[in-house]
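Encoded as structure tokens, the structure appears first; notes follow it.
Order of listing sets the numbers, starting from 1, for every ligand and every atom in it. Numbers here simply count residues along the sequence, with the first being 1. The structure presented is a predicted model; accordingly, all values stated were derived computationally and were not measured.
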Amino acid sequence: MPVAPSEVDVSLAEEVTSELVEAFARLLPQLSPNAARLSAAELGEMIRAPGTYLLLARERPSDRQGGTILGTVTLVVFRTPSGVRANIESVVVDGAARGRGIGEALCREAVACAERAGADTVDLTSAPARAAANRLYLRLGFQRRETNVYRHVIVRPPCT
Ligand SMILES: CC(C)(COP(=O)(O)OP(=O)(O)OC[C@H]1O[C@@H](n2cnc3c(N)ncnc32)[C@H](O)[C@@H]1OP(=O)(O)O)[C@@H](O)C(=O)NCCC(=O)NCCS
């Protein structure tokens, strides 16, 4: 069932707080079980980076205090020779809050944010095994493209 607009707020993260660090420590393992914990400095780097938008979904509480962070998405907008592109990255909603339309609300706001930032297209990738995510993207109007996705992993020598 889609989330009622009164239940959740989607907003841009503008500062690093202990709440933000805690939220990523809780959410990131639900996206990538082996992901390293994000430090406050790394989150600050993301928030300050031009063209990077860190969106947060918060429960809208009745007492007007800041609500719990239930999910997040990162949008990156950059110019290429063929146009202004946007990528949606790292979509995750807390397991206890899934199925309420929060992922949809986050992705819709990311697309709106990309449009405001001048993007011509919004791309994302999702492993086929992520069934709920793939259904969500198709439901939002994303079209599956016939293209290969490649990754080169940079191997660094261990610090001495
Ligand atoms: C993909 C994800 C972000 C969706 O978040 P969400 O808030 O549950 O999204 P929505 O409520 O808008 O829609 C989720 C779909 O899962 C279904 N669903 C219902 N209850 C659910 C539950 N308890 N748990 C998971 N999915 C549920 C919804 O019905 C909906 O299905 P539909 O598209 O066929 O209608 C979330 O499942 C998640 O964080 N998954 C793990 C990380 C991940 O795979 N991220 C995507 C990376 S590409």
Side-chain angles (χ1 to χ4, degrees), residues 1-14 16-17 19-39 42-43 45-47 49 51-62 65-78 80 84-117 119-154:
M1 190 200 309
V3 75
S6 59
E7 285 180 40
V8 74
D9 280 319
V10 178
S11 62
L12 206 54
E14 285 174 347
V16 180
T17 58
E19 182 207 16
L20 189 69
V21 175
E22 179 281 326
F24 270 84
R26 174 167 43 87
L27 293 171
L28 201 50
Q30 299 183 52
L31 174 69
S32 311
N34 299 323
R37 190 184 162 103
L38 271 180
S39 67
E42 288 164 330
L43 282 164
E45 201 179 309
M46 286 173 62
I47 287 173
T52 298
Y53 304 84
L54 184 58
L55 296 172
L56 306 174
R58 288 177 185 275
E59 188 104 61
R60 189 176 294 173
S62 49
Q65 300 276 311
T68 308
I69 297 173
L70 298 177
T72 180
V73 62
T74 302
L75 176 78
V76 189
V77 182
F78 50 99
T80 73
V84 179
R85 307 285 171 215
N87 280 356
I88 284 180
E89 302 281 345
S90 306
V91 186
V92 60
V93 171
D94 202 333
R98 288 184 194 159
R100 292 169 47 194
I102 298 173
E104 176 173 336
L106 280 163
C107 291
R108 284 195 189 284
E109 184 53 31
V111 170
C113 186
E115 191 176 338
R116 289 194 295 273
D120 300 308
T121 55
V122 183
D123 290 341
L124 57 82
T125 62
S126 187
R130 296 189 187 273
N134 281 277
R135 283 201 310 275
L136 169 63
Y137 304 139
L138 290 171
R139 179 154 49 82
L140 289 175
F142 283 81
Q143 289 166 359
R144 194 168 169 275
R145 302 183 77 207
E146 284 301 329
T147 188
N148 296 324
V149 176
Y150 296 94
R151 172 173 291 177
H152 181 88
V153 177
I154 310 287

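Close approach of ligand 1 to Q30 (heavy-atom distance below 4.0 Å) involves ligand atoms 41 (C), 42 (C). Every atom of ligand 1 is numbered from 1 in the order shown, and the set under 4.0 Å from a heavy atom of A132 is 16 (O). Less than 4.0 angstrom separates some heavy atom of T125 from each of these atoms of ligand 1: 48 (S). Close contacts of ligand 1 with R139, meaning ligand atoms under 4.0 Å from a residue heavy atom, involve 12 (O), 13 (O), 30 (C), 32 (P), 33 (O), 35 (O). Interface atoms of ligand 1 facing I102, defined by a heavy-atom separation under 4.0 Å, are 7 (O). Atoms of ligand 1 lying under 4.0 Å from at least one heavy atom of V92, given by number and element, are 39 (O). Remark: ligand 1 atoms within the under-4.0 Å shell around heavy atoms of A133 are 1 (C), 46 (C). Residue contact check: V91 has heavy atoms under 4.0 Å from atoms 3 (C), 42 (C), 43 (C), 45 (N), 46 (C), 47 (C) of ligand 1.
In terms of N/O distances under 3.5 Å, ligand 1 is not approached by Y137. For ligand 1, one of its N or O atoms has an N or O atom of R135 under 3.5 Å away. Distances between N or O atoms of G103 and those of ligand 1 include at least one value under 3.5 Å. Polar contact with ligand 1: absent for L31 (N/O pair, distance under 3.5 Å). By the 3.5 Å distance cut-off applied to N or O atoms, V93 is counted among the residues near ligand 1. Ligand 1 has a nitrogen or oxygen under 3.5 angstrom from a nitrogen or oxygen of G101.
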TODO: Begin from the C-alpha positions of L20 and I47 and carry the test side-chain contact (heavy atoms from CB on, under 4.5 Å) through to its verdict.
DONE: CA-CA 11 Å; L20 189 69; I47 287 173; 3.8 Å; yes

Open item on the list: Is there a salt bridge (Lys or Arg N to Asp or Glu O under 4.0 Å) between R116 and E109? Walk through the geometry before answering.
Closed with: CA-CA 10 Å; R116 289 194 295 273; E109 184 53 31; 2.8 Å; yes

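Looking at R100 against ligand 1, only its backbone comes within 4.0 Å, counting heavy atoms. Of the heavy atoms in R98, both backbone and side-chain atoms come closer than 4.0 Å to ligand 1.
Ligand 1 is never approached by L124 to a heavy-atom distance shorter than 4.0 Å.
Checked options N134, V111, D123; the residue passing with F142 is V111 (criterion: side-chain contact (heavy atoms from CB on, under 4.5 Å)).
One N or O on the side chain of R58 and one on the backbone of G67 form a donor-acceptor pair closer than 3.5 Å. Between the side chain of T72 and the backbone N or O of L55 there is at least one donor-acceptor pair closer than 3.5 Å.
Looking at heavy atoms from C-beta onward, L43 lies in side-chain contact with L54 at the 4.5 angstrom threshold. Side chains of D94 and E59 form no contact here, defined as non-hydrogen atoms less than 4.5 Å apart. By the 4.5 Å heavy-atom criterion applied to side chains, R37 and V21 are counted as neighbours.
Annotation: the span from R151 atom CZ to T125 atom OG1 amounts to 7.5 Å, rounded to 0.5 Å.
Counting non-hydrogen atoms of other residues, nucleotides and ligands closer than 6.0 Å to CD of E115 gives a total of 12 or fewer.
In plain terms, the two heavy atoms of P29 and F24 that are nearest each other are CD-O, 3.9 Å.
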